[in-house]
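Beneath this line is the structure, given in structure tokens, with notes to follow.
Residue numbers start from 1 in every chain, and the chains themselves are labelled A, B, ... in the order their sequence lines are given, proteins ahead of strands.
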Amino acid sequence: MEIPAKYDASQVESKWYDYWMKHKFFHSEPDEREPYTIVIPPPNVTGVLHMGHMLNNTIQDVLIRRARLQGKNACWVPGTDHASIATEAKVVAKLKEQGIDKNDLSRDEFLKHAWDWTHEYGGVILEQLKKLGCSCDWDRTKFTMDDDMSESVIKVFVDLYNKGLIYRGYRMVNWDPEAKTTLSDEEVIYEEQQGLLYYLSYKVEGTNDTLTIATTRPETIFGDTAICINPNDERFTHLRGKKAIVPICNRVIPIIEDEYVDMEFGTGCLKVTPAHDENDKNLGDKHNLQVVDIFNDDASLNSFGLHYEGKDRFVVRKEIKKELEDKGHLVKTENYINKVGTSERTKAVIEPRLSDQWFLKMEDLVKPAIKAVLEDGDVKLFPKKFENTYRHWMENIRDWNISRQLLWGQQIPAYYFGDGTDDFVVAETIEEALKLAQDKTNNQQFTISDLTQDTDALDTWFSSWLWPMSVFDGIRYPENKDIQYYYPTNDLVTGPDILFFWVARMIIAGYEYRNEKPFENVYLTGLVRDKQRRKMSKSLGNSPDALKLIEEFGADGVRVGLLLSSAAGNDLLFDEALCQQGKGFANKIWNAFRLIQGWDVADIGQPQSSKIAIDWFEAKFQDTLLVIEDHYSKYRISDALMETYKLIWNDFCSWFLEIIKPEYQKPIDKATYEAAISILENNLKLLHPFMPFLTEDIWQYISERTPEEALIVAKWPNPKAYNKDLLTEFDFASEVVSGIRTIRKQKNIPFKDAIQCLVINNEDANTTFDEVIVKLVNLEGIQYTDEAVDGALTFRVKSNEYFIPMAGAIDVEAEIKKLTEELQYTEGFLKSVQKKLSNERFVAGAPEQVVASEKKKEADALAKIETLKASLASLN
RNA sequence: GGGCGCAUAGCUCAGUUGGUUCAGAGCACUUGGUUUACACCCAAGGGGUCGGGGGUUCGAAUCCCUCUGCGCCCA
């Protein structure tokens, strides 16, 4: 077979992806095998593949491919979520470009546009995942707004409502005045902003006194309904029981007392605006204060703002400053840095606002989820450090505001039939709602047209928290074959930024609806940052184009690059050089294969060195396999890769192949060739999860394979007993090789000149690897001797002394210097060991094993010192 | 302001119960190399007061206290 001289990733990758798809290797159906299941963290439909996705999905693909090789029934369910806020924002922007105002459209018309948008862009990211090599079961692709998925969401809403866990509440929420919707606390980002602290004086009613308050938001004085002082504050005893007059609007408001007020901050007098501040709302509830809402839903002032009506809050802030100043109410301003909540999506400054919202009671729901992670270990977090974060959130959980003032999403299945706060019913369909309404009102004359459905949609997370169940239709049909077989899933791979949004809530939902965890292990990846540790983001423009990277370095190269330095839970500092390293690795393996493949095989005897090399590599392979398995078991994927990388590059290519390589244009013996092929195949298996394309390609070049024999479904190597002595003996031999190479380099001895080597075998090292050493450094042979050799360069491995006789003059001075340095070092070492051993408390206190090892160190040092001294004596 | 975590080679990180293998890996760096798989290569080498200080111990990168500097989450 003709083998291309260069590995061309772009051609190879599409070829094998098509091949895998054609033979349905990604597809899973329940059978008698053990299942291994991952559900993808659904990327949202507005996205394109970014570095975070690449990392995340590479890890999932590594896990799923390994499971497949291990003979499990591997099922990776892909899909997307509808991302209500983000998508709606995109659709609104697109309509705007076309000159269409969202508010001019009916609900159905808008949704049609949203669906069009989703159909056009929603699948892009999944197509990109294919380029990365992701072996998802594409037949199972789901979307959180699919009919069956939406039905599940509605069913769950109704169920929770009927259980009394969902309620309607008038609450202070985070209002995004741009998107005109509520945000959850998690969607608000607090940013430090330079602002001003305004000191304003209010008249005290019926006196000539004034009092001064400090505020960052002077425009909210129109909503003031009290002034609050601390009852312990002696500065203000004269204000007790009095009233104050709000500037400009001249509202008379009570002066109340509460220890909540911080006497140190500002002036010690606090203006209370219950409609526009969470803390003020609490104070207001406690003291029964009036609530005055001064804003429209776009955060412009309403009629309470008097002559400012219709103007934006920030405009008003500027203008009112001037008015207050003119009227003598502005005492002073100070620079002040405060934290301002902004919308994650629209960047608008959040306005705290009172409104009707739907809430889910969390207190009882979280209990099994806390237990599962923190007590029973049913669900394990990797790295473990996130358990603390999880605990903190779960133990301080607040009710979940699940309504959003948006159209794109599942419409809340609540139907109103009157103006009373209780005049509504909740049902899966409007027909059922009608029945309920008729019963509730005792009025059978009610018709569907008397019902109005709540216009709000549900929070997107209220869909995705069901994801591991709903993708298998486990909400609608809890007994179906798929959910029974695949649930609970095995691993979840996601970012720590959505530990609460999503992971915790899935655990909660899992226990509520199946009384079982949704997954066993959660692997939390780090964030992908650039070299300067900046988060990758579109606005910074520091995120490389994912597909271009794949084009340049190959999917395998990019996968390796991403994984190489992404220790679990640590941020990954992305650098294209890492992908280059991955590509270089691919090239290395390709060439190793070309080397083997190019050999002529003959019916000749097997050299001793080759036989030993095969035995040694098999031991090394087994030893490494155990290390790799251990890394996988701890989700240390980058360590598993590095271990594989070193096995292949160092042990296989640099040592093994160099040992068995036949002389130029000479054939190789059959036994060695076959062993080399078999070893290469095993290496490919270990490497396949990381570099699926390259490995499958080489695998198929090695011999003709039927689809059943494809690498993707090959059998992962089983651990076997192995000879550990071979490994230590090899390490010793490799030190000898290094010693000789160093001498060759120092003395500029060309490799093709065979040299002599004599050894005083003080260590009684066995001769197993002698042939290997001879071959690797081109010796005439290794001779054993009892006496130091004159006119030779020397080096030592442990207490063994090696001599390389030199024809020319030996630089005696240099030799003496080298030996003296070694001697001094060893003597110093001996001294420290003996100091330890002469310490009675050490000998008495330390474990036997430790003392024994110190004694061995002492003996080794003594032996080496003797050798060194003998050499020095022979030189002098 | 409250909570959690981190600090080891130029960079990114390992280092499990305090002691064999304890100061390590990869990259980067230096030096040498056109030997017929690969210069996307081969070989050899340098490099660390384990953030500072104190303590416990026969023994500390590892345990405790403290200081400094970072990061994350929550308010």
If the cut-off is 4.0 Å, is [X] near the phosphate of [N], judged by side-chain N/O to OP1 or OP2?
X        : N     : answer
A:Thr389 : B:C72 : no
A:Lys588 : B:C42 : yes
A:Ser738 : B:A44 : yes
A:Trp393 : B:C4  : no
A:Arg636 : B:G15 : yes
A:Arg391 : B:G5  : no
A:Asn388 : B:G5  : yes

Please find out if less than 6.0 Å separates the ring center of A:Tyr802 from that of A:Phe795.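 Ring-ring flag for A:Tyr802/A:Phe795: true, centres closer than 6.0 Å.
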Is the ring centre of A:Trp655 less than 6.0 Å from the ring centre of A:Phe730?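 That pair passes the under 6.0 Å test.
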From [options], nucleotide with atom closest to [X] side chain:
X        : options             : result
A:Trp649 : B:C42, B:G19, B:A37 : B:C42
A:Asn587 : B:A37, B:C38, B:A75 : B:C38
A:Lys634 : B:C58, B:U12, B:U16 : B:U16
A:Thr742 : B:G19, B:A75, B:A44 : B:A44

Which letters describe nucleotides 22-34 of chain B, given B = protein heavy atom under 4.0 Å from base, S = only from sugar-phosphate, - = neither? ---SSS---BS--
Do A:Glu763 side-chain atoms and A:Ser799 backbone N/O form a donor-acceptor pair below 3.5 Å?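 Yes; at least one donor-acceptor contact below 3.5 Å.
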B:G53 and B:G46: how far apart are their P atoms, nearest whole angstrom?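 That atom pair is separated by 28 Å.
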Anything under 3.5 Å between a protein N or O and an N or O of nucleotides 46-48 of chain B, put it in a table, one pair a line.
none

Just to be sure I understand: a Watson-Crick pair is purine N1 to pyrimidine N3 plus N6-O4 or O6-N4, both under 3.5 Å. Using that and G-U wobbles, which stems of three or more pairs involve RNA chain B?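 The stems are B:1-7 with B:68-74, B:10-13 with B:24-27, B:29-33 with B:41-45, B:51-55 with B:63-67.
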Please work out if A:Lys752 contacts a base, only the sugar-phosphate, or nothing of the nucleic acid, heavy-atom cut-off 4.0 Å. nothing
Would you call the rings of A:Phe690 and A:Tyr632 parallel, tilted or perpendicular, taking 30° and 60° as the class edges? parallel
Would you call the rings of A:Phe585 and A:Trp649 parallel, tilted or perpendicular, where under 30° means parallel and over 60° means perpendicular?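 Ring orientation, 0 to 90° scale: parallel.
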With a 3.5 Å cut-off and just heavy-atom distances, do the side chain of A:Glu658 and the base of B:A43 make a donor-acceptor pair?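 There is none.
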Would you say CD of A:Glu363 has more than 12 non-hydrogen atoms from neighbouring residues, nucleotides or ligands within 6.0 angstrom?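 For A:Glu363, atom CD is not crowded (no more than 12 foreign heavy atoms under 6.0 Å).
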Of the non-hydrogen atoms in A:Arg217 and A:Glu351, which two are nearest, and what is the gap between them?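 Residues A:Arg217 and A:Glu351, closest heavy atoms: NH1-OE2, 2.8 Å.
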To check you understand the geometry: which heavy-atom pair defines the closest contact between A:Thr728 and A:Asp725, and what is its length?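 Closest heavy-atom pair between A:Thr728 and A:Asp725: OG1-O, 2.9 Å.
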